[in-house]
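As the structure lists them, so they are numbered: ligands from 1, and atoms in each ligand from 1.
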Amino acid sequence: MSYYPAFLKLSGIPVLVIGAGTVAERRVGPLLTAGANVTVVAPSHCGGMARYFDARSLSYQAKQFEPSDLEGHRLVIAATDNSQVNQSVAELCDTKGIFCNVVNDADRGSFICPAVITQGKFQVALASGGAAPVLTRWIKRRLQSVLPDKLNQLQEFSTAHRHHVKRTYSEPTQRRRFWERFFSVAIHSDPSTYSDTYQTLLKGAQPSVVTAQLTLPSENDDLTLRDLKLLHSADLVVGDLDDLKQVDELLRQDCLRQTSQVYLEKPANTLGMTLILKSTT
Ligand SMILES: C[C@@]1(CC(=O)O)C2=NC(=C\c3[nH]c(c(CCC(=O)O)c3CC(=O)O)Cc3[nH]c(c(CC(=O)O)c3CCC(=O)O)/C=C3\N/C(=C\2)[C@@H](CCC(=O)O)[C@]3(C)CC(=O)O)/[C@H]1CCC(=O)O
Ligand SMILES: NC(=O)c1ccc[n+]([C@@H]2O[C@H](COP(=O)([O-])OP(=O)(O)OC[C@H]3O[C@@H](n4cnc5c(N)ncnc54)[C@H](O)[C@@H]3O)[C@@H](O)[C@H]2O)c1
């Protein structure tokens, strides 16, 4: 059995969270952001949970869970530190056809909560089928360091121009190609240049190749987030054999590596290389 991934619309939907510790707190923020009407039931709460108590769509009941608390709820999170309570919540939910997440046992619940990276409307959700949550968290951190930080603006720009592109290109394949070319250039650019790139590509012109000269610290641990992102975005990297070897694991598998003796002057104890970020010809 594998899980079916989906994004839920919870605006105005009553959701019950049982328990008010650190794990319940991690659930409540995203539920409120999604517009759910959240009820939290727990005899005590952690410090972080208190910041949500002023929210109009949250009600906190300082008491132990009782089966009647489930009435009227469409989604339930069993997040107490008592596995027997969590299990009986799950069983009751099963009989009532309510979807239930059990934070201490994926198998007992009917859905699991993924690790999420959010940039505006853009969401990346990750899970390991309940098998390795800490691995999931670790992969999320890795992804965060390589994802461009302007996804939000890129999404807003493409949403605003979607209908125009649809009118310009009647064929879905043409539209997809147009957007792929646009994103491949825009992802490395400042949002102020999106309009120019868009107009240029609409006219059918080829965007120019974007290059970057990097001088990097000799230890990978000292690389900045910007360096990591640039290295990961590169389609072609030109540099000394030794320098290339050192950054090899930070490059994408499909990135071309090219060794060259001729290289820019670099300070001692640094690596140097030329990155071709996107060649669209
Ligand atoms: C991804 C993330 C999302 C989130 O929770 O928001 C998440 N766990 C995270 C972190 C984390 N989890 C644990 C530790 C402490 C390390 C340790 O002590 O072991 C840490 C680290 C930390 O807290 O920093 C321990 C743990 N987790 C579960 C169990 C029970 C079990 O495995 O049986 C135990 C043992 C408990 C015990 O021993 O008592 C179960 C689940 N954890 C899930 C999600 C679901 C499966 C997701 C998947 O498929 O990968 C599921 C099934 C529950 C669910 O669906 O709710 C979040 C990263 C948040 C982020 O960084 O964004
Ligand atoms: N899913 C995850 O990511 C993850 C991570 C770490 C731990 N866990 C598991 O989640 C459980 C909860 O972790 P936590 O750190 O939030 O615990 P916590 O001790 O901080 O909070 C437990 C909460 O449950 C409430 N509670 C206890 N009995 C209750 C009852 N009968 N009715 C209503 N509320 C009740 C307490 O008042 C408290 O608010 C842990 O026991 C652990 O097994 C899950």
Only one of Tyr198, Tyr194, Phe183 passes side-chain contact (heavy atoms from CB on, under 4.5 Å) with Ser158; say which it is. Phe183
Short check: is a protein heavy atom less than 4.0 Å from atom 37 (C) of ligand 1? no
Residues in contact with ligand 2, criterion: heavy atom under 4.0 Å: Ile18, Gly19, Ala20, Gly21, Thr22, Val23, Arg26, Arg27, Val41, Ala42, Pro43, Ser44, Gln64, Phe65, Ala79, Thr80, Asp81, Val85, Val103, Asn104
Do Thr118 and Phe122 pass the side-chain contact (heavy atoms from CB on, under 4.5 Å) test, and can you show the C-alpha distance, the side-chain angles, and the key distance before you say yes or no? CA-CA 6 Å; Thr118 304; Phe122 207 92; over 6 Å; no
Minimal heavy-atom distance between Ala36 and Val15, with the atoms involved, is CB-CG2, 3.8 Å
Quick check: His45 with Phe53 (ring centres under 6.0 Å apart)? yes
Could you pull out the closest heavy-atom pair between Val41 and Lys63, with the gap in Å? CG1-O, 3.4 Å
Please list, one pair per line, the donor and acceptor atoms closer than 3.5 Å that link side chains of residues 137-146 to other protein atoms, with sequence neighbours excluded.
unit_1 : atom_1 : unit_2 : atom_2 : d
Lys140 : NZ     : Val116 : O      : 3.3
Ser145 : OG     : Arg142 : O      : 2.8

Can you tell me which residue and heavy atom of the protein come closest to atom 10 (C) of ligand 1, and the distance to 0.1 Å? Arg26 NH2, 3.5 Å
More than 12 heavy atoms from other groups under 6.0 Å of CZ on Arg175: yes
Once you restrict to heavy atoms under 4.0 Å, what part of Thr22 touches ligand 1? Side chain, backbone, both or neither. neither
Would you say atom 51 (C) of ligand 1 has a protein heavy atom nearer than 4.0 Å? no
Verify the contact flag for atom 6 (O) of ligand 1, where contact means a protein heavy atom under 4.0 Å away. yes
When you measure from atom 3 (C) of ligand 1 to the protein, is at least one non-hydrogen atom found at a distance under 4.0 Å? yes
Check ligand 1 against Pro114 and write out every atom of the ligand that is under 4.0 Å from a heavy-atom position of the residue. 3 (C)
Ligand-residue contact atoms, ligand 1 with Lys140, heavy atoms, under 4.0 Å: 60 (C), 61 (O), 62 (O)
Would you say ligand 1 has an N or O under 3.5 Å from any N or O of Asp105? no
Taking 4.0 Å as the limit for heavy-atom contacts, which would you say applies to Ile77 with ligand 1: side chain only, backbone only, both, or neither? neither
Under 3.5 Å, is there a donor-acceptor pair between the side chain of Asn37 and the main chain of Ile13? no
Would one find an N or O of Phe111, backbone or side chain, under 3.5 Å from an N or O of ligand 1? no
If hydrogens are left out, which of Glu25, Arg137, Arg108 has an atom nearest to atom 58 (C) of ligand 1, that is, the closest non-hydrogen atom? Arg137
Ile112, Asn104, Val116: member with heavy atom nearest to atom 30 (C) of ligand 1: Asn104
Measuring to protein heavy atoms, does anything land under 4.0 Å from atom 17 (C) of ligand 1? no
Exercise check, heavy-atom protein proximity under 4.0 Å to atom 34 (C) of ligand 1: no
Within-cutoff protein neighbour (heavy atom, under 4.0 Å) for atom 12 (N) of ligand 1: yes
Backbone N or O of Gly130 within a donor-acceptor pair of the Tyr3 side chain at under 3.5 Å? no
Tell me yes or no: between the side chains of Asp227 and Thr224, is some donor less than 3.5 Å from an acceptor? yes
Nearest-neighbour protein heavy atom for atom 26 (C) of ligand 1, which is reported as residue plus atom name and distance: Pro133 CG, 4.1 Å
Less than 3.5 Å apart, any donor N or O on the side chain of Gln199 or Ser195 sitting next to an acceptor on the other? no
CZ of Phe111: more than 12 outside heavy atoms within 6.0 angstrom? yes
Top protein contact for atom 56 (O) of ligand 1, by heavy-atom distance: Arg27 NH2, 2.5 Å
Scan residues 154-174 for pairs that pass salt bridge (Lys or Arg N to Asp or Glu O under 4.0 Å), counting only residues two or more places apart or in two chains. none
Using the side chain to side chain donor-acceptor pair (under 3.5 Å) definition, which of the options Asn86, Asp81, Asn82 pairs with Asn104? Asn86
Sub-3.5 Å N/O-N/O distance, Cys113 and ligand 1: yes
Do any side-chain atoms of residues 19-35 form donor-acceptor pairs under 3.5 angstrom with protein atoms, and if so which ones, sequence neighbours left out?
unit_1 : atom_1 : unit_2 : atom_2 : d
Glu25  : OE2    : Arg51  : NH2    : 2.3
Arg27  : NE     : Asn101 : OD1    : 3.3
Thr33  : OG1    : Gly29  : O      : 2.9

Does Gly130 reach ligand 1 with a nitrogen or oxygen that is under 3.5 Å from one of the ligand's nitrogen or oxygen atoms? yes
Which heavy atom of the protein is the closest neighbour of atom 29 (C) of ligand 1, given with residue, atom name and distance? Val103 O, 3.9 Å
Would you indicate whether Lys121, at its atom NZ, is surrounded by more than 12 heavy atoms from other residues, nucleotides or ligands within a distance under 6.0 Å? no
Tell me the protein heavy atom at minimum distance from atom 54 (C) of ligand 1, and give that distance in Å. Asn101 ND2, 3.2 Å
Please check if atom CD in Gln84 has more than 12 non-hydrogen atoms from other residues, nucleotides or ligands closer than 6.0 Å. no
One finds that the ligand 1 atoms under 4.0 Å from a non-hydrogen atom of Val134 are 16 (C)
